[in-house]
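These numbers were taken from a predicted model, which means no experiment stands behind them. When a residue number appears, it is its place in the shown sequence, counting from 1.
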Amino acid sequence: QVQLVESGGGLVQAGGSLRLSCAASGRTFSTYAMGWFRQAPGKQREYVAAVSSGAITNYADSVKGRFTISRDNAKNTMYLQMNSLKPEDTAVYYCAARRRGSYYYPYAQMSEYEYWGQGTQVTVSS
């Protein structure tokens, strides 16, 4: 069983920045594929970014060039640096994990992940 705990959400003005963290349990974090998803009020959960176990990254078009996903295997933690935030980025952000993930392939589908965190709220004011 893998436990995931997100942190770093909050209220920020448009154009500002936030860094989300996702701390994972387990001694084999380096083999996990990790991802970020978000869900805005009244909308379906959507893909944001993913990082493979080999640190290959992928982004949704809506955040490309503004968000950066990264991982620190020594700390069992994944990050999402969010810059140039927009009101439409307002959502609950969830991290997800898949054990024994591909070294090269960052998974972009919710169904490809086994474990989910509880989410952290990000609110961007205009």
Would you say the side-chain atoms of Gln121 and Thr123 include a donor-acceptor pair closer than 3.5 Å? yes
(request) Could you check if a side-chain atom of Phe37 sits within less than 4.5 angstrom of a side-chain atom of Glu46, using non-hydrogen atoms only? (result) no
**Asked** Should Leu80 and Val48 be marked as a side chain to side chain contact (heavy atoms under 4.5 Å, CB included) after you check the CA-CA gap, both sets of side-chain angles, and the distance that decides it?
**Response** CA-CA 10 Å; Leu80 186 69; Val48 175; 4.1 Å; yes
Donor on one side chain, acceptor on other, Tyr47 and Asn58, under 3.5 Å: yes
Show the numbers, then the answer: is there a salt bridge (charged side-chain N to carboxylate O under 4.0 Å, His left out) between Lys64 and Asp61? CA-CA 5 Å; Lys64 204 171 291 184; Asp61 287 344; 3.1 Å; yes
Side chain proximity check, Ile56 to Val51, heavy atoms < 4.5 angstrom: no
Does the side chain of Gln44 reach to within under 4.5 Å of the side chain of Gln39, using non-hydrogen atoms? no
Point to revise | Residue pair Glu114 / Arg99, side-chain heavy-atom distance below 4.5 Å | key: yes
In this structure, CZ of Phe67 is separated from OG of Ser17 (nearest 0.5 Å) by 9.5 Å
Rounded to the nearest 0.5 Å, the OG atom of Ser7 sits from the CZ atom of Arg19 at a distance of 9.0 Å
Scanning both residues in full, the closest heavy-atom pair of Gly101 with Ser53 reads O-OG, 3.3 Å
Looking at side-chain heavy atoms only, is the closest gap between Arg38 and Val92 below 4.5 Å? no
Shortest non-hydrogen pair, Gln1 vs Tyr115, comes out as OE1-CE2, 3.4 Å
Separation between CG (Asp72) and OG (Ser30), nearest 0.5 Å, reads 11.5 Å
* To do: Begin from the C-alpha positions of Asp89 and Met82 and carry the test side chain to side chain contact (heavy atoms under 4.5 Å, CB included) through to its verdict.
  => CA-CA 9 Å; Asp89 294 318; Met82 305 186 295; over 6 Å; no
(Q) Hydrophobic cluster membership, with links at side-chain heavy-atom distances under 4.5 Å among I/L/V/M/F/W/Y: are Tyr59 and Tyr113 in one? (A) no
Report yes or no: is the cationic atom of Arg98 (NZ for Lys, CZ for Arg) under 6.0 Å from the centre of the six-membered ring of Tyr32, at an angle within 45° of the ring normal? no
Notebook entry, point to check: Going by heavy atoms in the side chains, are Ser52 and Tyr107 under 4.5 Å from each other?
Noted result: no
For the residue pair Tyr79 and Ser70, establish whether any side-chain heavy-atom pair is separated by less than 4.5 Å. yes
| task | Decide whether Val122 and Trp116 are clustered together by the hydrophobic rule: side chain heavy atoms of Ile, Leu, Val, Met, Phe, Trp, Tyr closer than 4.5 Å, transitively. | result | no
Heavy-atom closest pair (Asn76 atom, Ser25 atom, distance to 0.1 Å) is ND2-C, 4.2 Å
Checklist entry - Below 4.5 Å, heavy atoms only, C-beta onward: do Tyr94 and Glu6 meet side chain to side chain? => result yes
Leu20 and Gly9 have their tightest heavy-atom pair at CD2-N, 3.6 Å
With side chain to side chain contact (heavy atoms under 4.5 Å, CB included) as the criterion, how do Met34 and Arg71 come out once you've worked through the C-alpha distance, each side chain's angles and the decisive distance to 0.1 Å? CA-CA 9 Å; Met34 302 292 295; Arg71 61 189 300 156; 4.1 Å; yes
Answer with yes or no whether the hydrophobic clustering places Phe29 together with Tyr105; edges join I, L, V, M, F, W, Y residues whose side-chain heavy atoms lie under 4.5 Å apart.
no
Looking only at heavy atoms, the pair that brings Cys95 and Met78 closest together is CB-CE, 3.5 Å
